[in-house]
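Since the model is a prediction, treat every value here as computed from it, not as a measurement. Residue numbering restarts at 1 for every chain, and letters A, B, ... go by the order of the sequence lines.
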There are 2 protein chains.
Amino acid sequence: MQTIAPELAELAALIADPGRASILSRLMDGRPQTASELAQVAGVTPQTASWHLARLARFCLLKVERRGPRRLYCLANPLVAQMLEGMMTVAVAGSQPLRPPRIDDEMRRARTCYDHLAGELGVAVSDAMRERGYLVLDHEVGELTAAGTAFLCSLEIDLRPSSRHRRALCRPCLDWSERRPHLAGRAGAALADLAFRRDWIRRRPEGRSVEISAAGLAAFRTLFGARI
Amino acid sequence: MQTIAPELAELAALIADPGRASILSRLMDGRPQTASELAQVAGVTPQTASWHLARLARFCLLKVERRGPRRLYCLANPLVAQMLEGMMTVAVAGSQPLRPPRIDDEMRRARTCYDHLAGELGVAVSDAMRERGYLVLDHEVGELTAAGTAFLCSLEIDLRPSSRHRRALCRPCLDWSERRPHLAGRAGAALADLAFRRDWIRRRPEGRSVEISAAGLAAFRTLFGARI
DNA sequence: ACTACGCTTCGATCATGATCGAAATATTCA
DNA sequence: TGAATATTTCGATCATGATCGAAGCGTAGT
């Protein structure tokens, strides 16, 4: 019986190293990062990181872009991000009984998940939108209502599909720190984009977590009705 | 920065062994199987398989049910199946350039993917339903149209949600052998269930692949318009 | 209670691959 | 062209975990 089990094992082995897992996890913030930065994140020397990055890129998990003397790495495509999403969801569930849930507070509070909001912020915004009837969001399925579409349009959020790749408008993404679904898909990405543009949230120099500005806190509370 | 990278790596390491990958891949057919069967699939001795199974079960990737002197193992929950789906999709894409795509012919022809149809059959049926306007199916998003709902109802397919877990009615699952999406979710599961009940397809004693009966071939062609 | 069978635990062996120092390569800027 | 910096390649070392034989355990049937 020929199956894809060998390929599956090969892929898993690629993620099974703590250093590479850290790199992939870090790249889930969607921003291209240099080999040196990723070496630091992984807690290994640059030459070791280089070896890890080469393996990940050879398997097309990573895309590399040469910018001057440095190389910027990022996840190869949304499929990889979605796969990691799924694995993280199972990972926290599976390792739960043994390990105390030691998650960085800033990370839990607010972060980006590839291209959309996650953490308490992401879940709170999604919950609020659901309560207002803008959204139907489940562990497996998500749908933006007419009212929700109108609401997002009133915020000048562009929900038109990109020409390149067709993407789901609205889909759930299981938040691994909150263990509840939050909004992902084009709508989630557009919302995060808006939040950055209006300076509601700012990327912290270190890590995937984001800082909620005072204006952002007010906006999420009043505009969305988020309890945060 | 505390992340879930360690847990992610731990989970990946669990799948990274060829034997365990074979076991997980095999269990994707949705049927509980004994430790001995799985040992044979993995190509290892029973005591080695036992060790693998214990590790998988400890991480809650597998559920075990004691039936007499033997133990039946199956995937712990649909989340695990969906994660493996995602990994397989990336795995075939990533390892493609190097490896010749040596996939078992029967497997490619028709198989089950956890609870729905896959392979040429699964894709052909999904394509046909799409062409008839029953279905909108994309790499990321799926929707059953009113006509599609009516069609499935006319086949006496029960689309009511199960009380236990809410599940998506209609979602795409990327077929790793065909590299195209096929129908999954409650609708896909119900359709596969119907196909088994009407003896359109039969499980082969060995492996995950299914055999299409003569009646099945006729049914898929005439009822669905599938080119298969 | 005894036997048969499926499965698991223990112990020892062995192979794969992660790591880093040292050195080479590539790119930009002066 | 030469210096500075980022990154990769090479080589040697070392640790983790996969494997199977042997033995132990638990369940079902006689």
Side-chain angles (χ1 to χ4, degrees), chain A residues 5-27 31-74 94-95 98, chain B residues 5-27 31-74 94-95 98:
Chain A
E7 285 82 1
L8 177 63
E10 192 183 351
L11 168 63
L14 229 49
I15 311 174
D17 177 80
R20 286 195 293 265
S22 299
I23 289 171
L24 290 169
S25 181
R26 172 61 168 256
L27 288 174
R31 290 206 300 183
Q33 313 199 26
T34 66
S36 313
E37 287 176 307
L38 294 171
Q40 200 176 354
V41 168
V44 295
T45 58
Q47 59 267 35
T48 301
S50 170
W51 182 69
H52 287 319
L53 291 168
R55 289 196 61 179
L56 292 170
R58 182 147 23 106
F59 204 90
C60 301
L61 253 52
L62 262 42
K63 207 168 44 183
V64 57
E65 185 189 343
R66 309 175 74 115
R67 177 147 330 174
R70 56 191 69 193
R71 305 196 180 183
L72 292 174
Y73 288 88
C74 61
S95 68
L98 306 169
Chain B
E7 285 80 1
L8 176 63
E10 191 182 353
L11 167 62
L14 229 50
I15 310 174
D17 178 79
R20 288 195 292 265
S22 300
I23 289 171
L24 290 169
S25 182
R26 172 61 168 257
L27 289 174
R31 291 206 298 186
Q33 313 200 26
T34 65
S36 313
E37 286 175 307
L38 294 171
Q40 199 175 353
V41 168
V44 295
T45 58
Q47 60 268 34
T48 302
S50 170
W51 183 68
H52 288 319
L53 291 167
R55 288 196 61 181
L56 292 169
R58 181 146 26 103
F59 203 91
C60 300
L61 254 50
L62 299 186
K63 210 168 41 183
V64 57
E65 186 188 341
R66 308 176 75 114
R67 174 140 342 167
R70 56 191 69 196
R71 306 193 180 184
L72 293 174
Y73 288 89
C74 59
S95 67
L98 306 170

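In this structure, W51(A) atom CH2 and dG21(C) atom C1' are separated by 16 Å, rounded to whole Å. Taking atom OH on Y73(A) and atom C1' on dA6(D), their separation rounds to 11 Å, with Å as the unit. Taking atom CD1 of I15(B) as the reference point, atom C1' of dA18(D) lies 17 Å away to the nearest angstrom. With rounding to whole Å, R70(A) atom CZ is found 17 Å from dA4(D) atom P. Between the P atom of dT16(D) and the CG atom of L14(B) lies a distance of 17 Å, rounded to the nearest Å. The distance between atom CG of D17(B) and atom P of dA15(C), rounded to the nearest whole Å, is 16 Å. Regarding L38(B), its CG atom lies at a distance of 15 Å from the C1' atom of dT8(C), rounded to whole Å. Between the CG atom of L72(A) and the P atom of dT5(D) there is a distance of 19 Å, rounded to whole Å.
Among dC20(D), dA18(C), dT8(C), the nucleotide with an atom closest to any side-chain atom of P46(B) is dT8(C). Each of dT8(D), dT8(C), dA18(D) was ranked by its minimum atom distance to the side chain of R20(B); first place goes to dA18(D). Checking dC20(C), dT8(D), dT19(D) against every side-chain atom of A35(A), the shortest atom distance belongs to dT8(D). The side chain of T48(B) approaches dC20(D) more closely than any other nucleotide in the set dC20(C), dT8(D), dC20(D). Considering only the side chain of R55(A), dG17(C) comes nearest among dC20(D), dG17(C), dA22(C). For T45(A), whose side chain is taken as the heavy atoms from C-beta onward, the closest listed nucleotide among dA6(D), dC20(C), dT19(C) is dC20(C). Closest approach to the Q47(A) side chain among dC20(C), dT19(D), dA6(D) is made by dC20(C) (side chain taken as heavy atoms from C-beta onward).
Considering only heavy atoms from C-beta on, L24(A) stays 4.5 Å or farther from L14(A) through its side chain. At least one side-chain heavy atom of L27(A) sits under 4.5 Å from a side-chain heavy atom of L38(A).
Between dT19(D) and H52(B), a contact under 4.0 Å exists linking OP1 or OP2 to a side-chain N or O.
At least one donor-acceptor pair under 3.5 Å links the side chain of S22(A) to the backbone N or O of P18(A). For the pair R20(B) (side chain) and A9(A) (backbone), a donor-acceptor distance under 3.5 Å is absent.
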> Where along nucleotides 24-30 of chain C does protein come under 4.0 Å, by heavy atom, of base (B) or sugar-phosphate alone (S), with - for untouched nucleotides?
Replying inline: --SSS--

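Counting non-hydrogen atoms of neighbouring residues, nucleotides and ligands closer than 6.0 angstrom, the CD atom of Q40(A) reaches no more than 12 such neighbours.
Rounding to the nearest 0.5 Å places NE2 of H52(B) at 6.0 Å from CD1 of I23(B).
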Side-chain donor-acceptor pairs under 3.5 Å in residues 61-71 of chain B, sequence neighbours left out?
from, atom 1, to, atom 2, distance (Å)
E65(B), OE2, R67(B), NH2, 3.0

